[in-house]
Amino acid sequence: DVVAAPHQTPEVRRVPLERLVLTIKALKYERTAAAVLASLLEPPAPAAVRRAVDELVALGALDVGAVAGARFSAEALTPLGAHLAALPCDARIGKFLLLGAVFGALDETLTIAATLTSRAPFVAPFAQRDAADAAKRLFAGASQSDHLAALFAYREFDGTVGNAKFEFARQNFLGIKSLQTIAGLKRQLLELLSDAGFAPR
């Protein structure tokens with residue numbers, strides 16, 4: 001028997017649909033995003049496309065209005081949507097980054113966005129789960145927020161000098177690889193925001 005070779009999943013199925021809709025609208029197709037996507041060889045489900053468009057409208061990235069005398073709705077990127085289309089990340093994270101830059105909390109939002117894009121820096125060895133949870137709660141403080149816990153943990157790690165970083169990470173149940181990944185993502189996101197004029201070079 002001949003077994004068909006597994007083929008790679010088309011990119012349209014791997015990229016978040018909100019991201020794809022933003023790209024389509026940035027390319028200034030006259031048709032709606034749904035019409036463009038429906039013409040693909042392996043189109044996404046129409047309901048999923050509708051949800052993506054609705055999500056972008058709710059985010060303030062897309063305007064949708066009826067066109068007089070036509071059977072379709074016009075879609076246009078808002079100024080926010082144009083900026084989000086230039087950022088190769090989830091639309092919600094992109095908006096979070098832009099707001100952080102506008103309101104003067106750039107470093108904090110970069111750290112949280114990088115954590116959301118990769119993974120939280122906390123590790124919880126099975127035999128030391130209670131101690132790891134306690135360390136995480138200590139970073140979160142009264143906020144009890146996982147995002148703020150990651151922010152404060154990364155900030156303390158980043159402020160530690162030399163080999164003391166590794167000891168700090170070990171004592172506080174933080175993964176060095178995850179922290180290094182967060183640092184790299186922060187740099188990439190900062191460069192993108194800088195290119196878009198939202199952060200100094």
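Numbers here are sequence positions counted from 1. Values in this document were obtained by computation on a predicted structure and should not be read as measured data.
- Below 30°, between 30° and 60°, or above 60°: for His83 and Phe198 the angle between ring planes is above 60°, a perpendicular geometry.
- For the pair Lys136 and Phe173, the cation-pi criterion (under 6.0 Å, within 45° of the ring axis) is not fulfilled.
- Side chains of Asp133 and Arg129 form a contact here, defined as non-hydrogen atoms less than 4.5 Å apart.
- By the 30° and 60° cut-offs, the orientation of the rings of Phe139 relative to Phe168 is perpendicular.
- Listed here is the closest heavy atom pair of Leu17 and Val49: CD1-N, 3.9 Å.
- Put simply, the side chain of Leu116 reaches to within 4.5 Å of the side chain of His147, judged on heavy atoms.
- Of all heavy-atom pairs between Leu106 and Ala199, the closest is CD2-CB, 3.7 Å.
- Counting heavy atoms from C-beta on, the side chains of Lys95 and Leu84 come closer than 4.5 Å.
- Of all non-hydrogen atoms in Leu190 and Leu110, the two that sit nearest each other are N-CD2, 3.8 Å.
- Under a 3.5 Å cut-off, the side chain of Arg155 and the backbone N or O of Thr111 do not form any donor-acceptor pair.
- Contact annotation: the side chain of Ile24 approaches that of Leu37 to within less than 4.5 Å [non-hydrogen atoms, C-beta and beyond].
- Under a hydrophobic-cluster definition in which Ile, Leu, Val, Met, Phe, Trp and Tyr are linked whenever side-chain heavy atoms come within less than 4.5 Å, directly or via other members, Val64 and Tyr29 are assigned to the same cluster.
- The pair Glu55-Arg92 meets the salt-bridge criterion, with a side-chain N (NZ, NE, NH1 or NH2) lying under 4.0 Å from an Asp/Glu carboxylate O.
- One finds a salt bridge joining Lys186 and Asp107 here, because a Lys/Arg side-chain nitrogen approaches an Asp/Glu carboxylate oxygen to under 4.0 Å.
- The side-chain heavy atoms of Arg31 and Ser39, taken from C-beta on, include a pair separated by under 4.5 Å.
- Counting non-hydrogen atoms of neighbouring residues, nucleotides and ligands closer than 6.0 angstrom, the CD atom of Gln171 exceeds 12 such neighbours.
- Contact annotation: the side chain of Leu87 approaches that of Leu98 to within less than 4.5 Å [non-hydrogen atoms, C-beta and beyond].
- Looking at Thr109 and Leu99, their side chains never come closer than 4.5 Å, going by heavy atoms from C-beta outward.
- For the atom pair OG of Ser143 and CZ of Phe152, the computed distance is 6.5 Å after rounding to the nearest 0.5 Å.
- Residues Leu97 and Leu189 meet the side-chain proximity criterion, which asks for heavy atoms closer than 4.5 Å.
- Nearest approach of Thr115 to Ala150, heavy atoms of both residues: CG2-CB, 3.9 Å.
- Minimum interatomic distance between Ala33 and Glu75 (heavy atoms only, all atoms of both residues): N-OE1, 2.8 Å.
- Counting all heavy atoms, side chain and backbone alike, Ala114 lies closest to Ser118 at O-OG, 2.8 Å.
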